[in-house]
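Inspection log for the structure reproduced underneath, given as structure tokens.
Just so you know, ligand 1 is whichever comes first in the structure, and atom 1 is the first atom listed for that ligand. Keep in mind the model is a prediction, meaning the values are calculated, not measured. If you read the sequence from its start, that first residue is 1, and numbering goes on from there.
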Amino acid sequence: MADKKATLKVDGIEEQFELPVYEGTVGPDVVDVRSLSGKGLFTYDPGFMSTAATESKITYIDGAAGVLLHRGYPIEQLAEKSDYLETCYLLLHGELPSAEEKETFVNTIKNHTMVHEQLSHFFNGFRRDAHPMAIMCGVVGALSAFYHDSLDIHDEHHRVVSAHRLIAKMPTLAAMVYKYSIGQPFMFPRNDLSYAENFLHMMFNTPCEEKKISPVLAKAMDRIFLLHADHEQNASTSTVRLAGSTGANPFACIASGIAALWGPAHGGANEAVLNMLEEIGDESNIDKFIAKAKDKEDPFRLMGFGHRVYKNFDPRAKVMKQTCDEVLAELGMEDDPLLKIAMKLEKIATEDEYFVKRGLYPNVDFYSGIILKAIGIPTELFTVIFATGRTPGWIAHWNEMISSDYRIGRPRQLYTGHPKRDYPA
Ligand code: SDX
């Protein structure tokens, strides 16, 4: 940590405070304000716009430059040269695996893809039309009821086994959620298929017919998982860290991340983007929706646009757009009407002063929904795909915290309610 200092002078307080300032490898310096509570002061930062809640070595984002690094590697290079499971290994271990380490990791994940048969009974308690994220919150949290052998968070081996189980089982559970909604039998995972092929197999094959999975669609699915793998201290990852700081087991912590991701301002945006494009319905309606998005009296926002950190472009959106073009070409859907509306919307929004001034550009969710719909995944399952992809990031952050000298997260507040008053006699 550097020996830079910040000086704070507060009106009404004689003492002038000297606060340590730390420099990261890259990115903004941070002011260590931990000593302020002992001086009777709190910092105030609703939404954590200016707060570094932790130190981390996993992912770095430069919102102005559109940079996203996983353990130092740019997302564009990982999307082009790596694959999802290799990126999972990188996020968890900090380095790319050797060929032997990768083979061992891939085989370990393959051998954890099945779920306990009793877990399939959980589904019968849900309506067939239950929202898939409601079921995922339930069944992922319930995994801790099956794995009493790996719940000691202070045992590194337990943490590794839990990480493997979660990464391996999320696609199986996601496909089960889909099959349950359409009344088809669950498909068992197959160990002769790659991670993404296996997911598409469990989603779209049936016991009556097992079609070969298109390598283009499998590659696109793998890239979608990869592009969602981690994203620094976003809302759902911060939820996982806060839940983990209480000592909750990893399955409960990941379930809390799934719940936080569900919101339309966060991971629920990909589902909201498709619903918005379908509501727009025709290019002639775009101007009306652009006006709604600008109208402060109207709660409507242009879903898939804007980001708390990226104020120029989301590097993932660029790769996602390229993948979108590849998938639609493979499927002969280059003239997809939703894609045409999306591209017209993007052109208008990125030239409109309201959006440009506020740095509102397409984010990771803007094109992912079009790809997923083209693959045949129903809109309400989109956020489940996001949660599946984000699982290694959640686990890597949870593990980084549990492996460090952490304390329970407990923010304070600016209290503006009633002062002490007596109950009426
Ligand atoms: C994800 O944090 C992460 O890293 C998230 C994520 C990840 O990988 O984990 O990247 C995934 O969540 C991507 C974001 C998906 N959400 C959406 O696409 C929903 C639509 N976007 C907005 O809800 C919004 O842009 C947020 C939530 C993404 C960001 O909100 P901020 O940073 O709190 O920004 P803000 O709400 O303060 O907006 C700043 C201004 C406001 O106008 P003014 O008050 O300055 O006049 O921009 C406006 C907002 O009204 N604005 C929008 C807008 N987003 C912001 N106006 C119209 N349409 C939008 N989409």
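Selection from E232, M49, H231, R301 by nearest heavy atom to atom 49 (C) of ligand 1 gives R301. Counting heavy atoms only, R390 comes closest to atom 7 (C) of ligand 1 of the residues K296, R358, K311, R390.
Heavy-atom contacts of A293 reach the following atoms of ligand 1: 56 (N), 57 (C) (cutoff under 4.0 Å). Listed by number with element, the atoms of ligand 1 under 4.0 angstrom from any heavy atom of R308 are 29 (C), 31 (P), 32 (O), 33 (O). Within the listing of ligand 1, atoms 17 (C), 18 (O) sit less than 4.0 angstrom from a heavy atom of G304.
Annotation: side-chain hydrogen bond (donor to acceptor under 3.5 Å, both in side chains) contacts of E334 (sequence neighbours excluded): none. Remark: A6 engages L19, V21, V31 in a side-chain contact (heavy atoms from CB on, under 4.5 Å) (not counting sequence neighbours).
Within the 4.0 Å heavy-atom cutoff, K294 does not count among the residues contacting ligand 1.
Contact annotation for H228 and ligand 1: no heavy atom of the residue comes within less than 4.0 Å of the ligand. Counting heavy atoms under 4.0 Å from ligand 1, residue L302 touches it through both backbone and side chain. When non-hydrogen atoms are compared, ligand 1 lies under 4.0 Å from the side chain of Y354 (C-beta onward) but not from its backbone. With a 4.0 Å cut-off on non-hydrogen atoms, P264 touches ligand 1 through its backbone and not its side chain.
Ranking protein heavy atoms by distance to atom 13 (C) of ligand 1, first place goes to D365 OD2, 3.4 Å. Closest to atom 21 (N) of ligand 1, if we only count protein heavy atoms, is F305 O, 2.9 Å. For atom 19 (C) of ligand 1, the closest non-hydrogen atom on the protein side is M303 CE, 3.5 Å. The single protein non-hydrogen atom nearest to atom 2 (O) of ligand 1 is N234 CB, 3.4 Å, given as residue, atom name and distance. Regarding atom 6 (C) of ligand 1, its nearest protein heavy-atom neighbour is H307 NE2, 3.6 Å. The protein heavy atom nearest to atom 17 (C) of ligand 1 is A269 CB, 3.5 Å. Counting protein heavy atoms only, atom 55 (C) of ligand 1 is closest to L360 CD2, 3.5 Å. From the protein, the heavy atom lying nearest to atom 28 (C) of ligand 1 is G306 O, 3.7 Å.
Backbone and side-chain nitrogen or oxygen atoms of F386 are examined, and none is located within less than 3.5 angstrom of a nitrogen or oxygen of ligand 1. Residue contacts with ligand 1: A265 is placed with a nitrogen or oxygen under 3.5 Å of a nitrogen or oxygen of the ligand (distance criterion only). Ligand 1 has an N or O atom lying under 3.5 Å from an N or O atom of H266, backbone or side chain.
In this structure, R71 is not positioned above the aromatic face of Y73 in the sense of NZ or CZ being under 6.0 Å from the six-membered ring centre and within 45° of the axis.
Remark: side-chain polar atoms of K169 are paired, donor with acceptor, to backbone N or O of H112 under 3.5 angstrom. At distances below 3.5 Å, not a single donor-acceptor pair connects side-chain atoms of T113 with backbone N or O atoms of I109.
Ring to ring, Y361 and Y310 are not that close: their centroids are 6.0 angstrom or more apart. Outside the 6.0 Å centre-distance limit, the rings of Y180 and F126 are not counted as a close aromatic pair.
Under the 4.0 angstrom criterion, atom 39 (C) of ligand 1 counts as lacking any protein heavy-atom contact. Protein non-hydrogen atoms do not reach within 4.0 Å of atom 34 (O) of ligand 1. For atom 26 (C) of ligand 1, the nearest protein heavy atom lies 4.0 Å or farther away.
Separating the CG atom in L96 from the NE2 atom in H70 is a distance of 12.0 Å, to the nearest 0.5 Å. To the nearest 0.5 angstrom, F105 atom CZ is 5.5 Å from C88 atom SG. For the atom pair OG1 of T43 and CZ of R412, the computed distance is 11.5 Å after rounding to the nearest 0.5 Å.
Classification of E279 and K292 as a salt-bridged pair fails, no side-chain N sitting under 4.0 Å from a carboxylate O.
Screening E400, Q233, R241 for a side chain to side chain donor-acceptor pair (under 3.5 Å) with T54, the sole residue that qualifies is R241.
Aromatic ring pairs are classed by plane angle as parallel below 30°, tilted from 30° to 60° and perpendicular above 60°; the pair Y195 and Y84 is tilted.
T87 is not listed as a side-chain neighbour of D230, based on a closest heavy-atom distance of 4.5 Å or more.
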